[in-house]
Amino acid sequence: ERLTSALLAGDARQAEALLAPSVHALSDGGGEFFAARKPVIGPERVARFYTNIARNSAAGASVTIRMINGLPALVIALENPPPRTSPFFVTRIDVDARGLVTAVHSVLATAKTTALR
């Protein structure tokens, strides 16, 4: 929740403070939507990557937490996404014992999120 709040507020520094030094982010756009083509590694890069996405897409976004495959995940719906940006995606965030985010995995491909809509 703190990470989501920081990202939606566009506060990269606050987001970075919540990330473990070894954090990495993976995204799967299925060739349909904009996604990082390789893992985004490190707190500064991960915070900047997701802050930029939030800055360009956050207006009218709804974020809910749902149980998916037995684990909590963020389900994000964008009201007016920019071109080649998924209007609906799911993000799983792994957290270590200290409460720092160690991994962010986002699935954007329509074929992989259809059952969740």
Side-chain angles (χ1 to χ4, degrees):
E1 290 175 350
R2 291 183 301 157
L3 180 62
T4 302
S5 295
L7 294 173
L8 290 174
D11 190 341
R13 286 191 187 266
Q14 182 182 357
E16 191 175 334
L18 300 169
L19 304 174
S22 62
V23 68
H24 65 278
L26 303 170
S27 53
D28 177 2
E32 179 181 12
F33 298 111
F34 169 74
R37 294 178 190 239
K38 58 184 182 178
V40 179
I41 300 171
E44 183 180 336
R45 288 186 173 141
V46 170
R48 185 173 60 234
F49 180 75
Y50 282 102
T51 301
N52 286 338
I53 291 170
R55 181 180 301 119
N56 294 322
S57 307
S62 71
V63 180
T64 58
I65 298 173
R66 290 179 49 189
M67 294 300 286
I68 299 174
N69 294 331
L71 296 169
L74 299 174
V75 177
I76 299 111
L78 305 178
E79 193 172 292
N80 295 305
R84 292 204 26 95
T85 300
S86 177
F88 182 87
F89 55 99
V90 176
T91 299
R92 186 189 87 222
I93 298 172
D94 297 339
V95 180
D96 67 14
R98 299 171 296 165
L100 296 176
V101 174
T102 58
V104 182
H105 298 167
S106 298
V107 177
L108 307 109
T110 302
K112 297 178 182 180
T113 61
T114 300
L116 300 171
R117 294 174 189 256

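Numbers for residues simply follow the sequence, beginning at 1.
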Mind listing the closest non-hydrogen atom pair of [X] and [Y] along with its distance?
{"X": "L8", "Y": "V63", "value": "CD1-CG2, 4.3 Å"}
{"X": "V104", "Y": "Y50", "value": "CG1-OH, 3.6 Å"}
{"X": "P43", "Y": "P21", "value": "CD-O, 3.5 Å"}
{"X": "H24", "Y": "I41", "value": "CB-CG1, 4.2 Å"}
{"X": "A20", "Y": "L100", "value": "N-CB, 3.8 Å"}
{"X": "L19", "Y": "A47", "value": "CD1-N, 3.8 Å"}

For the [atom1] atom of [X] and the [atom2] atom of [Y], what is their distance to the nearest 0.5 Å?
{"X": "S106", "Y": "F33", "atom1": "OG", "atom2": "CZ", "result": "13.5 Å"}
{"X": "T51", "Y": "D11", "atom1": "OG1", "atom2": "CG", "result": "7.5 Å"}
{"X": "I53", "Y": "L7", "atom1": "CD1", "atom2": "CG", "result": "9.0 Å"}
{"X": "T64", "Y": "L74", "atom1": "OG1", "atom2": "CG", "result": "8.0 Å"}
{"X": "T102", "Y": "I93", "atom1": "OG1", "atom2": "CD1", "result": "10.0 Å"}
{"X": "S27", "Y": "H105", "atom1": "OG", "atom2": "NE2", "result": "10.0 Å"}

Is there a path from [X] to [Y] through hydrophobic residues (I, L, V, M, F, W, Y) whose side chains come within less than 4.5 Å of each other?
{"X": "L78", "Y": "V107", "value": "no"}
{"X": "V23", "Y": "F49", "value": "yes"}
{"X": "L26", "Y": "L18", "value": "no"}

### Query
Any luck finding a side-chain donor-acceptor pair between E32 and S86 under 3.5 Å?
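Their side chains do not contain a donor-acceptor pair, so the 3.5 Å distance test is not met.
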### Message
Taking salt bridge (charged side-chain N to carboxylate O under 4.0 Å, His left out) as the definition, give me every residue that meets it alongside R98, ordered by chain and number, with sequence neighbours left out.
### Response
D96
#### Entry: For R92, salt bridge (charged side-chain N to carboxylate O under 4.0 Å, His left out) partners two or more places apart
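Partners of R92 under the salt bridge (charged side-chain N to carboxylate O under 4.0 Å, His left out) test: D94.
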### Task
For residues I65 and E1, determine if any side-chain heavy atom of one lies less than 4.5 Å from a side-chain heavy atom of the other.
yes
### Query
Between L108 and V90, is any pair of side-chain heavy atoms under 4.5 Å apart?
no
### Message
Set out, in order, the CA-CA distance, both residues' side-chain angles and the distance that settles side chain to side chain contact (heavy atoms under 4.5 Å, CB included) for V75 and F89, then state yes or no.
### Response
CA-CA 6 Å; V75 177; F89 55 99; over 6 Å; no
### Message
Please check this pair: side chain of T85 against backbone of P81, looking for a donor-acceptor N/O pair closer than 3.5 Å.
### Response
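Flag not set: sc T85 to bb P81 has no pair under 3.5 Å.
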